[in-house]
Amino acid sequence: APAVSPSSCTIGLINAGRFEEARALAVATAKTERARRLNLMYVDALILKHQGRYAEAAAALRALLAENPGFDRVRGELADTLFLMGDDKAAGYQFGLLSASASTTAQHNLYGRYLDAIRSRRPFNWDAYISFAPSSNLNGGTDNGMVLVGGAPFTTEKPKSGVGTPYGASATSRHDIDASREIVFGASIAGAAYTEHRFDKTTLQGFTEFARDFGPWRAGVGIGGEWALGDWQTYRTGIGPQASLSRSFGRAGSLVATSSGPAMKDGSGT
């Protein structure tokens, strides 16, 4: 029979609830004091994970990775722990690193299955905000009481200050075609409400796009529309093509650039 590795023995002991024996084995198989310390940190993290204390286990595994970023076994346990605790963004980042450095096809496929599972269980995203903020020019006035347009004088409205309530919400729904292609539908509303409702502003937008992933990059093309209102009266509508390009930096976030083509406006506003 093939020899059983110390790592497999340790995991077997932890799964059987024999925690002290697992710790003793971790110490016995280490050749240096540093190795003993790291082995015990690893075993203690796995015990926390086995007990369902995922946040504590993730913190312990991150501490281990800080000392040895190339320890893929620890990174794999961290990714799985994050997945189990529902932190899909962080788990996806870790599995993405593992997939990129996988040395075998089996490992690459395993991490790919995790990434597919993460994508499939979060097809819908939304966010919203509301706040109170002052505006020193909520009516869009100018400092000059009179301006010249084509040589003719026109009286203008002075800037007016006030406190408004900016608000917004957005939502997207993703429908996967395969592991790297998707169709996305999205909508958003943003605006500001004031005591004098003639200064209220609202913009509604919607889009649909076809997108494809290229490693950490994502490119999409589609069509978008906009409906802008002032004092709850339409002053601009538009629809046109749009394209997007984004780059994921894992836990550090993403950089997104969006470009829209010429929109068709109703011409009722200025």
Side-chain angles (χ1 to χ4, degrees), residues 5 7-8 11 14-15 42 45-46 48-127 170-187 207-222 242-258:
S5 68
S7 176
S8 297
I11 292 174
I14 292 172
N15 290 337
Y42 182 55
L46 293 183
L48 290 170
K49 180 183 175 185
H50 178 78
Q51 295 173 333
R53 297 159 63 181
Y54 298 132
E56 295 171 76
L61 291 166
R62 282 195 171 106
L64 266 172
L65 276 180
E67 293 202 36
N68 188 356
F71 200 165
D72 284 348
R73 183 182 301 165
V74 174
R75 190 177 299 280
E77 290 291 347
L78 172 60
D80 185 56
T81 302
L82 294 168
F83 179 81
L84 291 172
M85 65 190 288
D87 191 345
D88 288 344
K89 185 175 182 180
Y93 172 66
Q94 299 295 341
F95 280 122
L97 293 177
L98 289 165
S99 179
S101 62
S103 58
T104 67
T105 300
Q107 287 178 334
H108 183 79
N109 291 340
L110 172 63
Y111 303 140
R113 287 193 294 271
Y114 269 106
L115 291 169
D116 289 344
I118 289 170
R119 287 170 59 87
S120 66
R121 72 184 188 182
R122 291 203 67 185
F124 181 80
N125 289 289
W126 70 277
D127 62 74
S170 63
T172 58
S173 178
R174 189 191 73 246
H175 301 269
D176 294 331
I177 300 173
D178 54 32
S180 62
R181 298 180 298 167
E182 62 192 25
I183 295 176
V184 181
F185 300 93
F207 74 92
T208 180
E209 73 172 5
F210 167 79
R212 182 167 183 175
D213 293 330
F214 302 90
W217 293 91
R218 177 184 179 278
V221 293
Q242 72 174 41
S244 65
L245 182 66
S246 63
R247 170 67 159 86
S248 173
F249 296 96
R251 288 175 58 82
S254 299
L255 181 64
V256 182
T258 302

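Predicted, not measured: the structure shown is a model, and the values here were computed from it. The first residue of the sequence shown is numbered 1, and numbering continues consecutively from there. Any value given below was found using the heavy atoms of this structure, including those in side chains, with hydrogens, waters and symmetry copies removed.
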Considering only heavy atoms from C-beta outward, does the side chain of Leu61 approach that of Tyr42 to under 4.5 Å?
yes
Where do Leu115 and Ser99 come nearest, in terms of heavy atoms and distance?
CD1-CB, 4.4 Å
For Asp176, which residues count as a side-chain contact (heavy atoms from CB on, under 4.5 Å) partner, sequence neighbours excluded?
Arg119, Arg174, Glu182
From Asp87 atom CG to Tyr93 atom OH, the distance as rounded to the nearest 0.5 Å
13.0 Å
Interatomic distance, CZ@Arg75 vs CG@Asn68, rounded to 0.5 Å, equals 9.5 Å
Using side chain to side chain contact (heavy atoms under 4.5 Å, CB included), reason through Glu77 and Val74 one step at a time and then give a plain yes or no.
CA-CA 5 Å; Glu77 290 291 347; Val74 174; 5.7 Å; no
If only side-chain N and O atoms count, and only distance matters, is there a donor-acceptor pair under 3.5 Å linking Asp127 with Ser170?
yes
List the atom of Leu82, the atom of Gln94, and the distance in Å for their closest heavy-atom pair.
CD1-CG, 4.0 Å
Got a sec: does the NE2 of His50 have more than 12 other heavy atoms crowding it under 6.0 Å?
yes
Pairwise distance NZ(Lys49) to CE(Met85) - rounded to 0.5 angstrom:
12.0 Å
Is there a side chain to side chain contact (heavy atoms under 4.5 Å, CB included) between Gln107 and Leu98? Walk through the geometry before answering.
CA-CA 8 Å; Gln107 287 178 334; Leu98 289 165; over 6 Å; no
Atom CG of Asn125 and atom OG1 of Thr172: how far apart are they, to the nearest 0.5 Å?
4.5 Å
Taking only residues two or more places apart in sequence or in another chain, which ones pass side-chain hydrogen bond (donor to acceptor under 3.5 Å, both in side chains) with Glu209?
Arg218, Ser244
Partners passing ring-ring contact (aromatic ring centres under 6.0 Å, His included) against Tyr114 (at least two apart in sequence or in another chain)
Phe83, Phe95
Can you sort out the partners of Arg181 under side-chain hydrogen bond (donor to acceptor under 3.5 Å, both in side chains), two or more places apart, ordered by chain and number?
Asp178
Who are the salt bridge (charged side-chain N to carboxylate O under 4.0 Å, His left out) partners of Glu67, not counting sequence neighbours?
Arg34, Arg37
CG (Leu255) and CH2 (Trp217) are apart, to the nearest 0.5 Å, by 7.5 Å
For Arg212, salt bridge (charged side-chain N to carboxylate O under 4.0 Å, His left out) partners two or more places apart
none
If you take all heavy atoms of Ala57 and Leu48, which pair is closest and at what distance?
CB-CB, 3.9 Å
How long is the span from the CG atom in Asp72 to the CG atom in Leu65, to the nearest 0.5 Å?
9.0 Å
